[in-house]
Protein chains: 2
Amino acid sequence: MSKTLEYYFDFGSPAAYLAYTQLPALAADSGATALWRPMLLGGVFAATGNASPASVPAKGKYMFRDFARFAERYGVPFKFNPFFPINTLTLMRIATGLQLREDPRFADYCAVVFRAIWVDKQNMNDAPTVVGVLQASGLDAPALLALASEQTVKDQLKAATESAVARGVFGAPTFFVDDQMFWGQDRLDFVREALAK
Amino acid sequence: MSKTLEYYFDFGSPAAYLAYTQLPALAADSGATALWRPMLLGGVFAATGNASPASVPAKGKYMFRDFARFAERYGVPFKFNPFFPINTLTLMRIATGLQLREDPRFADYCAVVFRAIWVDKQNMNDAPTVVGVLQASGLDAPALLALASEQTVKDQLKAATESAVARGVFGAPTFFVDDQMFWGQDRLDFVREALAK
């Protein structure tokens with residue numbers, strides 16, 4: 001029986017981006033099905049009392065060096081985004097809406113947003129920039145933004161975030177293999193072991 | 001030329017304990033010289049604004065599961081200490097004093113204290129317990145406690161902690177290989193790579 005790999009993410013997390021770059025290989029190697037779980041990291045922080053490592057200056061400085069080391073190990077592009085932290089509410093609502101509709105553009109959309117923030121250093125806090133990024137990638141920006149303003153979509157992201165917190169999630173990315181939780185893009189080896197069992 | 005591996009630690013950190021169990025092999029495999037750097041983690045937290053992961057309940061709960069996974073991977077004993085957090089001021093002063101005197105009991109003392117806290121679940125907040133643990137290990141408790149109350153020793157631990165912070169340290173354990181900093185017992189593979197270069 002194929003296992004399920006749940007991936008809780010928010011586009012604003014550089015660690016979630018790094019994990020995302022490894023997710024396809026991780027699922028393929030283990031024959032697992034990846035389940036993407038959009039959540040609002042800001043909501044998780046508010047509910048748990050956790051905070052971005054960047055809230056401690058010395059830690060924030062180190063973390064970006066640490067992420068760069070992992071990017072080098074993984075062989076993936078990674079740039080510090082000068083507009084960090086990014087308010088991802090609308091971006092995560094769009095992901096939620098696409099997933100709710102089982103829209104096949106979900107994967108493309110996620111790839112475009114992760115790349116815009118963590119490779120192309122775009123200011124995704126800025127609405128016109130978001131529209132420009134989506135349009136340039138052939139995505140229908142007005143339709144996606146309309147999706148983000150639907151009440152069912154807003155409610156779904158809120159519920160998904162609350163559900164993540166109820167499961168024990170306090171940061172991003174977080175993985176679940178069955179009921180085992182793994183936090184961080186630096187726990188992929190443990191995730192791999194859990195999938196192999 | 002043999003490289004130097006600097007290990008900043010505080011006995012109260014379970015991650016510092018896990019790293020300590022791997023330190024001899026890490027140094028031996030790479031031919032590096034390990035330099036032990038006692039510091040007061042509470043002082044580091046106060047200076048940097050960082051906090052124990054246990055200050056966020058969901059994170060604290062997860063972290064102990066995470067440490068247990070690493071202990072299993074390393075094949076070393078590890079128990080949750082019910083008296084955590086331990087006030088390590090006196091314990092770290094003794095380590096500092098022994099090191100300052102180039103006392104050969106330094107290594108034994110560190111092993112005894114780490115084991116008392118993270119294997120034997122001793123309440124090392126409690127002075128009579130500390131005396132009992134030291135005596136049971138054949139260490140001269142009164143002499144060690146007298147060392148902890150010497151002004152030069154107190155000053156040295158304070159200076160060492162400030163110096164760690166000045167170098168960018170915000171948590172424990174922290175390693176330096178040349179000027180490269182690595183935080184966490186989960187970065188030993190990166191430390192190993194840096195030592196091999």
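In what follows, chains carry the letters A, B, and so on, assigned in the order in which the sequence lines appear, proteins first and then strands, with residues in each chain numbered from 1.
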TODO: Take the angle between the ring planes of B:Phe64 and B:Phe67 and call it parallel below 30°, perpendicular above 60°, tilted in between.
DONE: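 Ring orientation of B:Phe64 relative to B:Phe67: perpendicular.
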Open item on the list: Would you call the rings of B:Phe190 and B:Phe182 parallel, tilted or perpendicular, taking 30° and 60° as the class edges?
Closed with: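 B:Phe190 and B:Phe182: parallel rings.
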TODO: Pick whichever of B:Arg65, B:Met63, B:Arg187 has the most heavy-atom pairs under 4.5 Å with chain A.
DONE: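 Highest number of heavy-atom pairs under 4.5 Å: B:Arg187.
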TODO: Could you have a look at B:Val165, B:Val169, B:Asp189 and say which one has the most heavy-atom pairs with chain A under 4.5 angstrom?
DONE: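 Of the candidates given, the most pairs with chain A belong to B:Asp189.
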TODO: Let me know if A:Gln180 has heavy atoms under 4.5 Å from chain B in its side chain, its backbone, both or neither.
DONE: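 It is both, since atoms from each part get that close.
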Open item on the list: Please determine whether a side-chain nitrogen of the Lys or Arg among B:Arg167 and B:Glu6 lies less than 4.0 Å from a carboxylate oxygen of the Asp or Glu.
Closed with: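 Looking at B:Arg167 and B:Glu6, the cut-off is met.
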Task: Charged N-O contact under 4.0 Å between B:Glu162 and B:Lys158 - done: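 So B:Glu162 pairs with B:Lys158 through a salt bridge.
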